[in-house]
Amino acid sequence: MTEDVETEARGLLGRTLTGHGVAVRITEVEAYGGSADPASHAFTRTPRSEIMYGPAWRLYVYRSYGIHFCANVVTGPTEQGAAVLVRAGEVVEGVDLARARRGPVPDHRLASGPGNLAQALGITLDDLGTELLAEDGEGVRLGPAVADPGEIVAGPRVGVSKAADVAWRFWLAGEPSVSAYRRSPRAPAIRLVD
DNA sequence: ACCGCGATGGTCT
DNA sequence: GACCATCGCGGTA
């Protein structure tokens, strides 16, 4: 393994993700370790997860609970299946368009949570496989890395029942767009005191 | 504040 | 037929 997926996930914080006329500054992500990670869609290699085994910096989109779309950055290396789920961001461009897509919510909630973020950016299955570093055109793209994104906090991933103990959720401290933590209904209870 | 639950559909066993 | 990498609402406190 070269650069691991945790490092890739932290490196996405603060970068700009643009989708169909709306740009967000990424404030919250989760790392998924591919074939080595029981919580990853790529833990079993299937038609849906095939794109995750391909080259880095392409977009993996899936439909969640039949209702929402969620956007992931495939991080490579190939054959590993690693990807980073983009969970939240601050809208920095195209606020009016984001409001139109999301309806009446406070601005800091426009792209709060993976389903909401994809909706604000207009991301659907049509965007599956987009080359995120391409210079040209509309669609979805990723901005350059940020030298100092701010203080990074880590915690367990939201809503996963497998590998619920690893702290592979990363967010920027103090950002109002960071979504509330909810563990999976099926995840084991967390012991708070001895 | 926390907790429960319904909507809704693809993916996988 | 079960299981979700969700969201927002409506209940109870």
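These figures come from a predicted structure and were not determined experimentally. Each chain gets a letter, A, B and so on, in the order its sequence line appears, and its residues count up from 1.
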In terms of side-chain heavy atoms, does A/N116 have a donor or acceptor partner in A/R102 at a distance below 3.5 Å?
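Present: a donor and an acceptor within the cut-off.
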
Could you tell me whether the side chains of A/H20 and A/D127 share a donor-acceptor contact shorter than 3.5 Å?
yes

In whole angstroms, how far is the [atom2] atom of [N] from the [atom1] atom of [X]?
X: A/H41; N: C/dC3; atom1: NE2; atom2: C1'; value: 11 Å
X: A/E28; N: C/dT6; atom1: CD; atom2: P; value: 11 Å
X: A/Y65; N: C/dG8; atom1: OH; atom2: C1'; value: 14 Å
X: A/L85; N: C/dA5; atom1: CG; atom2: C1'; value: 6 Å
X: A/I67; N: C/dC7; atom1: CD1; atom2: P; value: 10 Å
X: A/F69; N: B/dT8; atom1: CZ; atom2: P; value: 14 Å
X: A/R48; N: C/dC3; atom1: CZ; atom2: C1'; value: 10 Å
X: A/I51; N: B/dT11; atom1: CD1; atom2: P; value: 13 Å

Residues passing the ring-ring contact (aromatic ring centres under 6.0 Å, His included) test with A/F43, sequence neighbours excluded, are none

Considering only heavy atoms and no angle criterion, is a donor-acceptor pair shorter than 3.5 Å present between the side chain of A/Y62 and the base of C/dA5?
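Looking at the base of C/dA5, it does pair with a donor or acceptor on the side chain of A/Y62 (distance under 3.5 Å).
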
So, is [X] near the phosphate of [N], with a side-chain N or O under 4.0 Å from OP1 or OP2?
X: A/H68; N: C/dC7; answer: no
X: A/R102; N: C/dG8; answer: yes
X: A/S161; N: C/dC4; answer: yes

Is the base of C/dA5 stacked against the aromatic ring of A/Y32, taking ring centres under 5.5 Å apart and planes under 30° as the test?
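According to the criterion (under 5.5 Å, under 30°), yes, A/Y32 stacks.
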
Report the stems of DNA chain C as range-with-range entries sorted by first number; a stem here is at least three consecutive pairs, Watson-Crick or G-U wobble, both distances under 3.5 Å, and write none if there are none.
B:1-7 with C:6-12, B:9-12 with C:1-4

A/K162 and A/D37 ion-paired at < 4.0 Å
no

Does the distance from a Lys or Arg side-chain N to an Asp or Glu carboxylate O, for A/E131 and A/R141, drop under 4.0 Å?
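No, this pair does not count.
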
Is it true that atom CD of A/E93 has more than 12 heavy atoms of other residues, nucleotides or ligands lying nearer than 6.0 Å?
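Open.
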
How far, in whole Å, is C/dG8 from B/dG10 if one measures between their C1' atoms?
22 Å

How would you label the contact of A/N72 with the nucleic acid (heavy atoms, under 4.0 Å): base, sugar-phosphate, or nothing?
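Base: the residue A/N72, judged by heavy atoms under 4.0 Å, touches a nucleobase.
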
Would you please indicate if the ring centroids of A/H41 and A/Y62 are separated by under 6.0 Å?
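They qualify: ring centres under 6.0 Å apart.
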
Among the nucleotides C/dC7, B/dT13, C/dT6, which one has an atom lying closest to any side-chain atom of A/T44?
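The answer is B/dT13, which lies nearest to the side chain.
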
Checking contacts here: which listed nucleotide (C/dC7, B/dT8, C/dA5) is nearest the side-chain heavy atoms of A/V160?
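The answer is C/dA5, which lies nearest to the side chain.
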
